[in-house]
Amino acid sequence: MLTGSTGNKAVAEAVSQAEPGVIAAYPITPQTEIVEQIATYVAEGKIGCEYIMVESEHSAMAACIGASVSGVRTFTATSSHGLLYMHEMLNWAAGARLPIVMANVNRAPGPGWNIWAEHTDSLQERDTGWLQVYVSTVQEAYDTTLMAFRIAEHADVLLPVMINLDGFLLSHIFQSLETVHIEDYIPPFSLPHMIDTKAPLGYGTLTGPETHFKFRWAIERSMRAARPVIDDAQIEFKKRFGREYGKVDEYLCDDADVIVISLGTLGKEAEVAVDLLRSEGIKAGSLRVRWLRPFPSLNISGKELVVIDRDYSFGFGGILANEIKAKYKTDVFSVIAGIGGQEVTFGDIASFVRDRRLGTEYWFGVKANV
Amino acid sequence: MEIPKEEYILRCTSACAGCSASLALRYVLKACGPDIALVVPACCTSVIQGIYPNTAFNVPVYNIAFASAAACASGMIAGFRKQKKNTKVVVFAGDGGTVDIGIQAMSGAFERGTDFLYICYDNEAYGNTGMQRSGATPLGAATTTTPAGKNEWKKDLDRIVEAHNPPYLATACSAYPKDLFNKVKKALSIKGPKFIHILAPCPPGWRYPTEKSVEIGKLAVKSGVWVLYEREYGKLTINGPSKAAIIKPSPLSDYIKMQGRFKTAEAEQISKMEQRILANQNRLALEEKGIC
């Protein structure tokens with residue numbers, strides 16, 4: 001059905017179709033619309049789930065953990081400080097191998113209080129064992145939320161998935177949305193280690209130096225196994241519903257001399273910049289990283305790279321830029337832009353490309369670059 | 001009530017000798033029966049159950065991060081209810097995981113009317129990490145972080161919980177296992193959030209010989225340091241041993257002098273404790289009689 005929606009409501013709609021057994025959540029700007037919309041669905045009877053309005057995000061994730069291991073599909077949503085407050089439990093969810101799905105509406109960490117888009121929140125959770133995907137349109141937010149349940153709950157994966165959407169730039173933007181009848185696209189929930197009082201187990205008991213690493217390796221093994229599962233979920237999605245997604249979203253990259261790499265809505269802005277640059281005779285392309293964990297393989301050999309980071313690792317650099325540099329042993333022009341919702345237009349992105357200096361870092365809007 | 005012979009704590013736990021927390025849990029689990037899930041935050045019980053791949057507990061045990069037992073239990077019971085399962089969820093948490101780091105999640109779960117039983121076994125310090133001061137450590141007690149004795153009162157957990165108006169709240173002590181068994185049974189027959197606070201003496205932490213755990217627990221009740229009572233839908237009933245202690249308490253010094261942790265306690269602190277015991281007993285006795 002063709003309709004219109006904000007990014008937040010598109011996520012809520014997808015969640016209602018996935019029919020979780022338990023949702024536990026706590027409000028935070030700019031995510032609140034998701035939990036409000038879900039509360040409305042629950043009140044209207046559109047979702048028959050148990051909805052726990054917890055007293056903190058730490059407890060939201062703890063409740064999802066308890067619910068998931070009891071044997072039901074679970075969902076929560078958060079943003080920024082809420083995500084960071086959950087940090088301990090994010091590690092627990094992944095380590096406990098629970099396929100919890102969470103939407104994170106990307107927002108800058110304070111201080112000062114800033115409710116606008118930034119990726120430093122989710123990138124600080126990069127190493128917790130969660131799969132991470134970044135979306136750029138309302139439609140993609142909806143479609144990817146559906147995929148997330150299928151991927152997380154796949155027997156080869158059994159890891160939690162975080163769907164990231166930019167605060168306000170996507171969470172509150174109204175675009176057209178085509179909903180689908182999911183039918184059996186998401187198979188019934190099944191968790192091999194769910195609690196069974198007839199076959200009691202100890203969960204998360206002490207693991208010493210002779211065993212602990214084996215469980216960590218098992219997470220990595222499943223992270224690697226998630227790659228073909230993601231491919232399968234995306235191919236099956238196209239087959240059933242017509243829309244095509246990859247682990248990355250490439251725009252005019254094949255013949256490009258220079259490629260702009262980014263996460264989230266910046267990738268859509270970059271596509272407009274590419275059109276502008278091409279009209280000037282610069283063979284540019286845009287590569288938007290959708291799945292950050294597991295990290296995808298990138299077709300970037302022989303290209304000049306401009307990486308835009310709406311995030312930063314202090315004392316080191318742009319996080320995405322450095323991941324690419326480390327993985328592909330290549331120089332990039334690292335642009336730090338969009339921090340705390342700083343406006344970045346396609347015109348700005350085009351000038352990053354025109355003025356690129358490989359091997360250097362550039363903070364957009366800051367005069368004294370060292 | 002007949003105590004079942006079934007054991008849900010098997011032999012060879014990693015508990016310290018004389019551990020009264022595991023004694024209490026033994027009777028808790030007998031009262032619960034097999035259709036429960038136990039949620040355990042970081043505490044002595046995380047260790048007592050044993051090391052992977054073994055576990056000494058014969059019920060499902062879900063270990064969870066320190067601050068989050070009550071929240072995890074909230075999700076778990078919702079999940080069971082969604083699946084139309086009658087499995088009960090019981091939190092078994094230490095004092096640190098309850099009065100300190102876990103109090104927010106516990107308060108939230110009570111406020112939401114979560115249908116579960118929250119048990120705090122209280123050894124009055126962070127026992128698992130080697131006896132550091134907690135909010136539940138009593139005045140005058142030496143711990144590894146209060147080597148000269150604690151200068152503050154024990155946090156009054158029961159009145160904090162009471163403020164949430166749970167349908168059932170009880171205190172218990174590991175030295176009175178039958179009383180504890182009956183209280184767990186009663187709690188599980190009631191819908192909504194239930195709370196039991198168990199005083200659990202700790203030989204290495206309280207610095208007394210391992211064979212004295214039951215004796216110390218009894219002295220805590222007889223001296224009035226610990227009052228055994230129940231609140232059903234708010235209505236207070238003081239239990240037998242504490243009724244006797246209100247009429248004729250045993251001297252506090254009998255309780256104090258058996259424990260190395262009170263070696264540095266000053267006479268003034270002990271006298272303040274005696275006054276506090278009297279005030280607490282009076283308050284409860286008057287309330288039970290309906291006078292205040």
Side-chain angles (χ1 to χ4, degrees), chain A residues 19-24 26 48-74 76 85-89 91-93 95-96 98 100 189 191 193-208 210-212 214-215, chain B residues 8 14 32-42 46-83 85-89 91 101-102 104-112 114 116:
Chain A
E19 296 183 333
V22 174
I23 295 172
Y26 189 79
C49 72
E50 296 267 343
Y51 189 21
I52 312 174
M53 279 155 272
V54 284
E55 80 297 332
S56 75
E57 290 91 350
H58 194 276
S59 285
M61 189 47 61
C64 284
I65 288 168
S68 185
V69 80
S70 85
V72 297
R73 179 168 295 148
T74 53
T76 187
Y85 192 39
M86 272 181 195
H87 174 68
E88 180 189 28
M89 304 318 292
N91 283 273
W92 206 279
L98 298 173
I100 297 162
F189 186 85
L191 185 72
H193 54 294
M194 66 183 264
I195 288 177
D196 178 0
T197 54
K198 292 191 180 68
L201 296 172
Y203 294 80
T205 48
L206 300 180
T207 47
E210 66 292 347
T211 51
H212 195 72
K214 294 180 188 170
F215 290 100
Chain B
Y8 300 98
S14 338
C32 290
D35 196 19
I36 68 143
L38 198 65
V39 176
V40 179
S46 326
V47 177
I48 291 169
Q49 57 194 275
I51 300 178
Y52 173 86
N54 301 310
T55 172
F57 296 177
N58 206 15
V59 293
V61 178
Y62 202 77
N63 290 286
I64 193 74
F66 217 165
S68 55
C72 176
S74 298
M76 198 177 281
I77 197 69
F80 286 141
R81 192 163 49 228
K82 179 71 190 163
Q83 297 170 82
K85 288 182 180 173
N86 293 320
T87 305
K88 298 200 186 298
V89 177
V91 170
I101 195 170
Q104 172 182 309
M106 182 187 71
S107 173
F110 285 149
E111 182 271 330
R112 292 189 299 271
T114 308
F116 77 142

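Atoms considered below: every heavy atom in the structure, side chains included; atoms not considered: hydrogens, waters and symmetry mates. Within every chain, numbering begins at 1; the chains are lettered A, B, ... in the order of the sequence lines, protein sequences first and strands thereafter.
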Checking side chain to side chain contact (heavy atoms under 4.5 Å, CB included) for the pair A/Tyr26/A/Tyr85: CA distance, chi angles, key distance, verdict? CA-CA 12 Å; A/Tyr26 189 79; A/Tyr85 192 39; over 6 Å; no

If one checks every heavy atom of A/Phe215 against chain B at 4.5 Å, the contacting part turns out to be side chain

Using modelled atom types and a 3.5 Å cut-off, is there a donor and acceptor pairing between side-chain atoms of A/Tyr203 and backbone atoms of A/Met194? yes

Looking at chain A, which one of B/Arg81, B/Gln49, B/Glu111 has the largest number of heavy-atom pairs inside 4.5 Å, strictly under? B/Arg81

Turns out that what part of B/Tyr62 lies under 4.5 Å from chain A's heavy atoms comes down to both

Counting only N and O atoms by type, is there a donor-acceptor contact under 3.5 Å from the side chain of A/Glu55 to the main-chain atoms of B/Arg112? no

I want to check something: taking the side chain as every heavy atom from C-beta on, are A/Pro20 and A/Tyr51 in contact at a cut-off of under 4.5 Å? no

For a 4.5 angstrom cut-off between non-hydrogen side-chain atoms, does A/Met61 reach A/Ile100? yes

Keeping A/His193 on the side-chain end and A/Ala96 on the backbone end, is there a donor-acceptor pair under 3.5 Å? yes

Check the pair A/Thr205, B/Val61 against side chain to side chain contact (heavy atoms under 4.5 Å, CB included), reporting the backbone distance first and the verdict last. CA-CA 9 Å; A/Thr205 48; B/Val61 178; 5.9 Å; no

Got a sec: does the CD1 of B/Ile51 have more than 12 other heavy atoms crowding it under 6.0 Å? no

So, the part of A/Asn91 with a heavy atom under 4.5 Å from chain B: the answer is neither

Using non-hydrogen atoms only, which part of A/Val54 is less than 4.5 Å away from chain B: side chain, backbone, both, or neither? both

For chain B, which candidate among A/Cys49, A/Gly208, A/Gly71, A/Gly202 shows the most heavy-atom pairs at distances under 4.5 Å? A/Gly71

Which bit of B/Gln104 is near chain A, if near means a heavy-atom gap under 4.5 Å: side chain, backbone, both or neither? both

Quick one: does A/Thr74's side chain have a donor or acceptor within less than 3.5 Å of a partner on A/Gly21's backbone? no

Quick check on B/Ala73 against chain A: is it the side chain, the backbone, both or neither that has a heavy atom closer than 4.5 Å? neither

Minimum side-chain heavy-atom gap A/Glu57-A/Met89 below 4.5 Å: no

Between B/Val47 and chain A, with a heavy-atom cut-off of 4.5 Å, which part of the residue counts as in contact: side chain, backbone, both or neither? both

So which part of B/Ser68 gets closer than 4.5 Å to some heavy atom of chain A, the side chain, the backbone, both or neither? both

Who wins among A/Ala24, A/Cys64, A/Gly48 for the most heavy-atom pairs under 4.5 Å with chain B? A/Gly48

Among A/Gly66, A/Ala67, A/Ser56, who wins on heavy-atom pairs under 4.5 Å with chain B? A/Gly66

Side chain / backbone / both / neither for B/Leu38 at chain A, heavy atoms under 4.5 Å: neither

Select one option (side chain, backbone, both, neither) describing which atoms of A/Leu201 are under 4.5 Å from chain B's heavy atoms. backbone

Among B/Ser107, B/Ser74, B/Ala78, who wins on heavy-atom pairs under 4.5 Å with chain A? B/Ala78

